K.L.:
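Got a structure here, written out as structure tokens. Questions coming.
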Amino acid sequence: MPTEEKSLNFIEQIIEDSLASGFQQDKLRFRFPPEPNGYLHIGHAKSICLNFGLGLRYNAPVNLRFDDTNPAKEEQEYVDAIKEDLLWLGFNWAEERYASDYFQQLYDWAVLLIKNGKAYVDSQSSEDMAAQKGTPTQPGVDGPYRNRSIEENLTLFEAMKNGDFPEGSHVLRAKIDMTSKNMLLRDPLMYRVLHRHHHRTGNDWKIYPMYDYAHGESDYIEQISHSICTLEFVMHRELYNWFLDQISDDTKVRPNQYEFARLNLNYTVMSKRKLLQLVQENIVNGWDDPRMPTISGLRRRGYTAKSIRNFCETIGVAKRENVIDVSLLEFCLREDLNKTAPRVMAVLDPVKLVITNYPEGKEEWLEAENNQEDEAAGFRKVPFSRELYIEREDFLEVAPAKFFRLSIGNEVRLKNGYIIKGESVTKDANGVITEIQVTYDEDSRSGSGSEASQRKVAGTLHWVSISHAIEAEVRLYDRLFIDEAPDSHKEKNFLDFMNTTSLEIVKGFVEPSLADVKSNDKFQFQRLGYFNVDKDTTASKLVFNKTVGLKDAWEEKGKKEENLLMNTLKEINKYVKEKDETAAEIILKPIVDNIKSIDNYSLIINTTVKNIKNDNNALLFANLILKYSDKVAAKDIEMEPLTKLYTMSLKSQLVSVRILVLENLKEDSVNLNNFQVQLSELKNSEKNEKVLELLKTI
């Protein structure tokens, strides 16, 4: 049966059209051009997979070119990390190039532009240049140095190159059009003076080219046929082409720029500047912290190269910006690890379990399947004894309905082992269970073929034998941010949305088959999730990182929070209808507790705004959120809906709404003065004593 050909993305279609129009396939050439001013992140992976994927599809070379034109921010460490990430992802480059390789050629072309009257040295301050450039609706004006003579420009530019001037004193600008609708064409900067050490050229240069100038010319030098970048460079394309117009030759391939939508992932930030801030302020433990969206961080956490490549293929290449749910990335990872990760047993919150009728001193080696998804993975032996560890949450003395784990009087199966029955417990002085006593059915061993082994019980628990268990440090990682879009909210710092529980370190116990693991070995801890051996592991200390859970806990949490808010709104009606004040307070308490429990900033903001309408119950709910949620304040709500909320609430028939809005206004000193007229009117018309007392305090 023939397989269906996958449809082309729009970049591939452009290339197919080029070839159909006569462009020679052997002249196709692509590049991945990172700036070495930070570590690559998952957003770069999309560009990497696109460019190198095109190289593989069309059997064309792909260069790795470092756009190293800003020595103030670039370091060899970043160059090395980028190369390591590319190789780990499974891609090899045709040639390793650097924009700094072309500094002399770029300088020579700049001199040529000066001689042709297309560039000049400007000596204005940056503030004056910005003012002179105009605005998107107002054209720029010529600066005082725009018409310097060619000879003066050449002399000044050479002196800039020789280091005769301090930083910020002069720049070289292209002479294009100060009235252009595209502000990037209003005499853009080509060179600035920088007395900085460059990681490759040392102190040879005192001037450095700007990205917009160097990028396209570097593409031309390397004979790149299709220069692919992200959508924020759409407006730069006209400038890209203008610079090429000045130097291109009909005998050579002229690059063309094409733009695609960058990867936006929720619950993270993609700005290198913000990622650097996390590192520099020690909010995370370096660029490869497993909570970081960097490729090195994902690798250390336990992501596979294949899962990232599959993710990039799944999301595709588009022309429009959108936000991808990080759950899709986690799904691609689970899909890969499910096929490849050996299953092992580990207990992370242990409580001792004693099988009272199992002979003391006896041990057995039970057969356990390594991976049911992979027949070739085979089996291993797991030691079993009288005393075991199980997870504390897997036992309750008295079990509620649908609790399918161990409890007094109920049976469960121990994975690969026997059926056990809860008998009794031992507790410490604080009532904490320190030991669980059980009995086992000797004939029920898994795989024995006995009638007892076929018996069905409600649940199966993982475990480790205490006498054989190996202690391990287990780092339980979670998302770094609690909000879907932490860097998109006005007047909010993205650091306000840090997840304070993004790392929890616990002492766990693992089965002895893990004694000789190596860094980056991956396992499924049965019933717990996927885990990766961290590079901090030594011969005397095992360290595991939680890579991802078996299920999407965040999607589950998100749905729970949405449902909780919906149900809370229903409770508002009961509160409003209750005439007895004491009973009403009892109803109100869980409403307030529910509001306080919501972590998702976007959800709580959207819920607040949705309930700003001419409905007393909705207004009450919105005011309760504003008063009791620590995730939202008046300044976080747009002025129009906030004004609407205050205005309608002050006129509400419900006393409780009027009281709440007054309390909220008291806390909102910015807007309080705007409502003096309404407050005065309320004082004259109000009959309720509580409201009147509150008005006196405002």
Side-chain angles (χ1 to χ4, degrees), residues 30-56 61-68 70 73-99 199-200 228-230 260 262-265 268-276 278-279 284-315 317 324 326 329-330 332-333 336-337 477 480 518-522 532-536 545 547-548:
F30 309 101
R31 86 288 173 270
F32 173 63
E35 182 184 0
N37 64 346
Y39 280 56
L40 298 181
H41 56 61
I42 185 66
H44 296 108
K46 180 178 178 181
S47 179
I48 292 167
C49 290
L50 172 58
N51 281 290
F52 283 92
L54 290 171
L56 291 170
V62 184
N63 285 355
L64 169 60
R65 182 178 73 241
F66 292 96
D67 280 335
D68 56 344
N70 185 3
K73 295 183 177 180
E74 296 158 357
E75 299 177 19
Q76 185 63 39
E77 174 193 350
Y78 300 140
V79 171
D80 296 338
I82 289 168
K83 289 160 67 175
E84 181 183 0
D85 288 345
L86 277 170
L87 292 172
W88 177 75
L89 281 170
F91 298 113
N92 286 291
W93 48 91
E95 297 179 30
E96 184 177 321
R97 299 289 193 98
Y98 296 81
H199 69 100
R200 294 189 76 247
I228 301 162
C229 56
T230 47
F260 70 100
R262 63 188 292 178
L263 171 61
N264 297 302
L265 204 62
T268 191
V269 295
M270 293 294 201
S271 159
K272 275 189 187 176
R273 177 180 59 80
K274 289 174 181 174
L275 293 176
L276 179 61
L278 292 174
V279 173
V284 295
N285 299 314
W287 286 97
D288 69 343
D289 186 299
R291 294 165 291 180
M292 290 279 274
T294 54
I295 294 174
S296 58
L298 294 169
R299 178 167 64 245
R300 186 174 178 186
R301 184 156 177 169
Y303 274 76
T304 63
K306 183 178 180 181
S307 68
I308 293 175
R309 294 196 305 267
N310 287 348
F311 170 70
C312 292
E313 184 177 352
T314 301
I315 61 176
V317 179
I324 304 297
V326 70
L329 175 61
E330 293 171 345
C332 292
L333 176 62
D336 188 28
L337 290 177
Y477 289 104
L480 197 53
K518 297 179 178 61
S519 178
N520 283 325
D521 284 350
K522 295 163 179 58
N532 187 55
V533 181
D534 190 73
K535 67 179 184 179
D536 290 343
N545 298 327
T547 306
V548 68

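Just so you know, these numbers come straight off a predicted model, no measurement behind them.
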K.L.:
Quick one: are His44 and Lys272 in side-chain contact, heavy atoms under 4.5 Å?
P.N.:
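Of all side-chain heavy-atom pairs linking Lys272 with His44, at least one is under 4.5 Å.
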K.L.:
Flag the pair Glu35 and Lys73 as a salt bridge only when some basic side-chain nitrogen lies within less than 4.0 angstrom of an acidic carboxylate oxygen.
P.N.:
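No, this pair does not count.
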K.L.:
Report yes or no: does Thr294 contribute a side-chain atom to a donor-acceptor pair with the main-chain N or O of Trp287 at less than 3.5 Å?
P.N.:
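Yes: the side chain of Thr294 pairs with the backbone of Trp287.
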K.L.:
Donor-acceptor pair, Arg31 side chain versus Ile228 backbone, under 3.5 Å?
P.N.:
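Looks like yes, one N/O pair under 3.5 Å.
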K.L.:
Identify the heavy atoms of Gly38 and Ile82 that sit nearest to each other, and give their distance.
P.N.:
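Looks like O-CD1, 4.1 Å.
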K.L.:
Side chains of Leu50 and Phe30: closer than 4.5 Å at any heavy-atom pair?
P.N.:
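Not touching, per the 4.5 Å side-chain cut-off.
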K.L.:
When you compare the side chains of Asn545 and Asn532, does any donor N or O come within less than 3.5 Å of an acceptor on the partner?
P.N.:
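Per modelled atom types, Asn545 and Asn532 side chains form no pair under 3.5 Å.
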K.L.:
For Phe52 and Phe32, take the angle between the two ring planes, folded into 0 to 90°, and tell me which bin it lands in: parallel under 30, tilted 30 to 60, perpendicular over 60.
P.N.:
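Ring orientation of Phe52 relative to Phe32: tilted.
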K.L.:
Give a yes/no verdict on a cation-pi contact between Arg301 and Tyr477, requiring under 6.0 Å between NZ or CZ and the six-membered ring centre and an angle within 45° of the axis.
P.N.:
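Arg301 over Tyr477 ring: no.
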K.L.:
So does Lys274 have more than 12 non-hydrogen atoms from other groups sitting under 6.0 Å from NZ?
P.N.:
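Yes.
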K.L.:
Taking side chain as C-beta onward, heavy atoms only, is Val79 less than 4.5 Å from Gln76?
P.N.:
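The answer is yes, as the side chains (C-beta and beyond) meet within the 4.5 Å cut-off.
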K.L.:
Which atom names give the shortest non-hydrogen contact between Leu89 and Ala305, and what distance separates them?
P.N.:
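So the two residues come closest at CA-CB, 3.9 Å.
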K.L.:
Counting C-beta onward and ignoring hydrogens, is there a side-chain heavy-atom pair between Leu265 and Pro293 closer than 4.5 Å?
P.N.:
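With C-beta onward as the side chain, the pair stays apart.
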